[in-house]
Every structure is written in structure tokens, then in C-alpha cells.
Amino acid sequence: GSVAELACEKFSSNVIEKCLTSGDQIACSLVIAELLEPAALGRLLHDPYGNYVVQRMLQVATEAEQKLMLERVAAHGPSLRNTLYGKRFQAKLLKQFPGHRTGD
């Protein structure tokens with residue numbers, strides 16, 4: 001699909017966030033699964049709008065989805081520290097999951 005592409009656009013990223021917060025669990029899981037694809041997640045984590053979508057995903061994801069997400073985000077740890085959006089996301093991630101480390 002093209003959800004990842006839409007998540008990186010100013011206005012459509014708001015729509016994706018709304019889908020995640022208002023959609024049923026099945027629809028949310030489908031969107032989350034697509035956005036957790038390694039290439040898509042890497043792009044979202046470093047994008048000014050996609051970053052907010054990833055943060056919203058973390059809030060609405062099931063426990064299993066959160067675990068997968070944390071594993072996949074860890075692979076991007078070093079590059080996240082080099083961007084403003086990545087630093088913000090890491091700070092929120094550590095606040096929500098204090099024991100988690102995002103790849104060193």
C-alpha cells in the first residue's frame with residue numbers, strides 16, 4: 001500500500017493518525033503492519049510528519065505490535081540520535097518504556 005507515503009505528507013499524516021485513533025482494531029493493525037515494514041519505518045522515523053504517526057502508532061498498538069515496533073526501532077537507534085525528529089522520538093520512547101534502549 002501507500003500508507004507510509006501518505007504518513008510523510010503534512011495533511012495526510014493527520015488523517016493516518018486519526019485512522020489509528022478512531023479505527024477499529026483490525027484496521028489499525030493493518031495500517032500498523034504496513035508501517036512497521038523496515039524500509040517504511042526507517043523513513044517515518046526520520047520524517048517530520050511521519051515521526052508523529054510513529055508516535056501515535058506506539059500509543060494505539062497492541063502489546064505484541066509494540067514489542068515488534070521496539071525491536072525494529074532499535075535498529076535505527078544510532079541514526080535517530082542525529083536528527084531532531086529522531087531525538088524527540090527517542091525521548092518519548094524512553095519516557096513510555098524506561099527500560100528500553102534504542103540501539104547503541
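Residue numbers run from 1 in the order of the sequence given. Note: hydrogens, waters and symmetry copies are ignored here, and every other heavy atom, side chains too, is used.
Atom CG of residue Leu35 and atom CG of residue Leu30 lie 11.0 Å apart, to the nearest 0.5 angstrom. Atom CG in Asn51 sits 9.0 Å away from atom CG in Leu44 (nearest 0.5 Å). Between atom CD of residue Glu9 and atom CG of residue Asp47 there is a gap of 8.0 Å, rounded to the nearest 0.5 Å. Taken from NZ in Lys18 to CZ in Arg56, the straight-line distance is 9.0 Å, to the nearest 0.5 Å. Atom CD of residue Gln55 and atom CD of residue Glu17 lie 8.0 Å apart, to the nearest 0.5 angstrom. Atom CE of Met69 sits about 4.5 Å away from atom CG of Leu58, to the nearest 0.5 Å.
Checking side-chain atoms of Ser22 against main-chain N and O of Cys19 turns up no donor-acceptor pair under 3.5 Å.
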**Study point:** Gln25 vs Thr62, side chain to side chain contact (heavy atoms under 4.5 Å, CB included): CA-CA, chis, key distance, verdict
**Key:** CA-CA 9 Å; Gln25 187 60 46; Thr62 65; 3.3 Å; yes
Practice item. Go through the steps to decide whether Val73 and Leu80 satisfy the test side chain to side chain contact (heavy atoms under 4.5 Å, CB included), and finish with yes or no. Key: CA-CA 9 Å; Val73 166; Leu80 287 177; 4.0 Å; yes
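Closest approach of His76 to Ser79, counting heavy atoms only: O-OG, 3.0 Å. Nearest heavy-atom pair across Ala7 and Ser13 is O-CB, 3.2 Å. Shortest non-hydrogen contact noted between Glu34 and Ser2 is OE2-N, 3.3 Å.
Side chains of Val15 and Leu6 form no contact here, defined as non-hydrogen atoms less than 4.5 Å apart. You'll find the side chain of Val53 reaches within 4.5 Å of the side chain of Leu20, heavy atoms only. Side-chain contact between Val60 and Ile32 is present, with heavy atoms from C-beta onward closer than 4.5 Å. Under the 4.5 Å side-chain criterion, counting only non-hydrogen atoms from C-beta, Met57 is in contact with Leu36.
Clustering ILVMFWY residues whenever any of their side-chain heavy atoms sit less than 4.5 angstrom apart, transitively, puts Tyr52 in a cluster other than the one holding Val31. No continuous path of hydrophobic side-chain contacts links Tyr49 to Leu41 [ILVMFWY only; heavy atoms under 4.5 Å].
Within a 6.0 Å radius of CD in Gln59, more than 12 heavy atoms belonging to other residues, nucleotides or ligands are found.
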